[in-house]
Amino acid sequence: MVNKIYGYDEDLWYNIIKSNYWTGDRDVDFIDMVLKRKGKFRHIIDLGCGVGRISNRLAARGYMITGIDLSRKCVEEAKKIAENLRLMNNIDYIVGDYRTLFFSKAEFDAAICILASAWKNLDEMKLFLKNLKDKIREGGILLLVDIVKEKLLISLFSSPSIQRWFNFNDDILSLHTWKYNLTTSMLKTEKEFYKKCGSKLNYIARVEREYPLYSINDYLKTISIEWNIEDIYDPPLNLMNLDSFNDPWWAFSLMIVARRI
Ligand SMILES: C[S@@+](CC[C@H](N)C(=O)[O-])C[C@H]1O[C@@H](n2cnc3c(N)ncnc32)[C@H](O)[C@@H]1O
């Protein structure tokens with residue numbers, strides 16, 4: 001049982017990511033394209049799968065997926081969607097912490113970790129990458145999508161509206177303020193949440209988080225200790241589509257593709 005996910009109560013977290021499920025249509029083509037470009041991968045582990053936004057869509061394209069997430073509510077929702085879509089033959093969902101993966105050696109062809117980091121510092125990232133290596137077959141790959149300092153800073157400084165924005169997730173309004181401290185390299189996010197009740201907005205929560213931002217170089221140095229870095233992609237984003245502004249994490253992120261040595 002988890003109490004907090006990235007500082008959120010599980011219920012609020014679940015409601016927010018559930019309402020973002022639709023964005024998977026935009027993102028899965030890119031992920032599938034990279035997987036196909038890199039080889040033949042059948043069994044994929046989705047680390048921090050949330051409500052199955054990507055897992056379910058990859059399963060619908062014929063991959064065998066194991067999705068793991070800390071949040072039972074998210075995993076139950078992912079399963080429910082998969083059952084409705086009759087995908088359960090291709091998917092196995094598990095509640096758990098992917099840092100302590102209990103699978104047997106070299107069980108998977110590939111791992112994806114899409115905006116689901118669980119490390120507080122580079123040493124923890126290093127340990128995660130070392131443990132994961134054991135679970136992926138030789139020649140398998142890791143697709144890691146995460147916020148990187150350079151992209152976030154370009155977005156923050158080139159568009160002041162990104163430092164403060166609002167976001168509607170069904171009936172939940174979030175007000176975001178993101179601040180970056182140049183001297184400590186820490187990002188502070190402050191979010192307030194309101195629930196829509198008729199024409200009123202009722203305050204429900206405030207979530208503050210402060211966490212280090214890693215540069216492309218930090219990622220590359222850490223990943224390349226145990227893996228071969230093959231590509232870095234800028235995930236495609238159609239900024240002419242206003243919904244992209246309501247879900248800007250893709251704009252702050254890069255995808256690093258690394259091969260299991
Ligand atoms: C922003 S969501 C992204 C979900 C999914 N990858 C997607 O793209 O839709 C991040 C998810 O990672 C999960 N998560 C974070 N740390 C985790 C850990 N150590 N083990 C398992 N899941 C984790 C959270 O519970 C959350 O549901």
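Just so you know, ligand 1 is whichever comes first in the structure, and atom 1 is the first atom listed for that ligand. Everything quoted here is computed from the prediction, not taken from an experiment.
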Mode of [X] contact toward ligand 1 - side chain, backbone, both, neither (heavy atoms, under 4.0 Å):
X: Trp249; result: neither
X: Cys113; result: neither
X: Ile5; result: side chain

Looking only at protein heavy atoms, which one is nearest to [atom], and what is the separation?
atom: atom 15 (C) of ligand 1; value: Tyr6 OH, 3.2 Å
atom: atom 21 (C) of ligand 1; value: Gly96 O, 3.2 Å
atom: atom 20 (N) of ligand 1; value: Tyr98 N, 2.9 Å
atom: atom 1 (C) of ligand 1; value: Leu115 O, 3.1 Å
atom: atom 16 (N) of ligand 1; value: Ala118 CB, 3.6 Å
atom: atom 13 (C) of ligand 1; value: Asp69 OD2, 3.2 Å
atom: atom 7 (C) of ligand 1; value: Arg53 NE, 3.3 Å
atom: atom 5 (C) of ligand 1; value: Gly48 O, 3.2 Å

Heavy-atom donor-acceptor pair, Lys151 side chain to Ala251 backbone, under 3.5 Å
yes
Going by the atom numbers of ligand 1, which of them fall below 4.0 Å from some non-hydrogen atom of Trp13?
1 (C), 2 (S), 26 (C), 27 (O)
Show me which atoms of ligand 1 lie under 4.0 Å from any heavy atom of Ile114.
3 (C), 5 (C), 6 (N), 8 (O)
Residue pair [X] / [Y]: nearest heavy atoms and the distance that separates them:
X: Gly67; Y: Cys49; result: C-SG, 3.6 Å
X: Ile17; Y: Gly50; result: CD1-CA, 3.7 Å
X: Leu144; Y: Trp119; result: CD1-CH2, 3.8 Å
X: Ile81; Y: Val51; result: CD1-O, 4.0 Å

Picking from Thr66, Asn56, Asp69, what satisfies side chain to side chain donor-acceptor pair (under 3.5 Å) with Tyr93?
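When side chain to side chain donor-acceptor pair (under 3.5 Å) is applied between Tyr93 and each of Thr66, Asn56, Asp69, only Asn56 qualifies.
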Can an N or O of Leu70 be found at a distance shorter than 3.5 Å from an N or O of ligand 1?
yes
Just say parallel, tilted or perpendicular for the rings of Trp249 and Trp165, cut-offs at 30° and 60°.
perpendicular
Can Arg206 and Glu192 be counted as an ion pair, charged N to O under 4.0 angstrom?
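Answer for the salt bridge query: yes.
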Any chance the rings of Tyr8 and Tyr14 have centres within less than 6.0 Å?
no
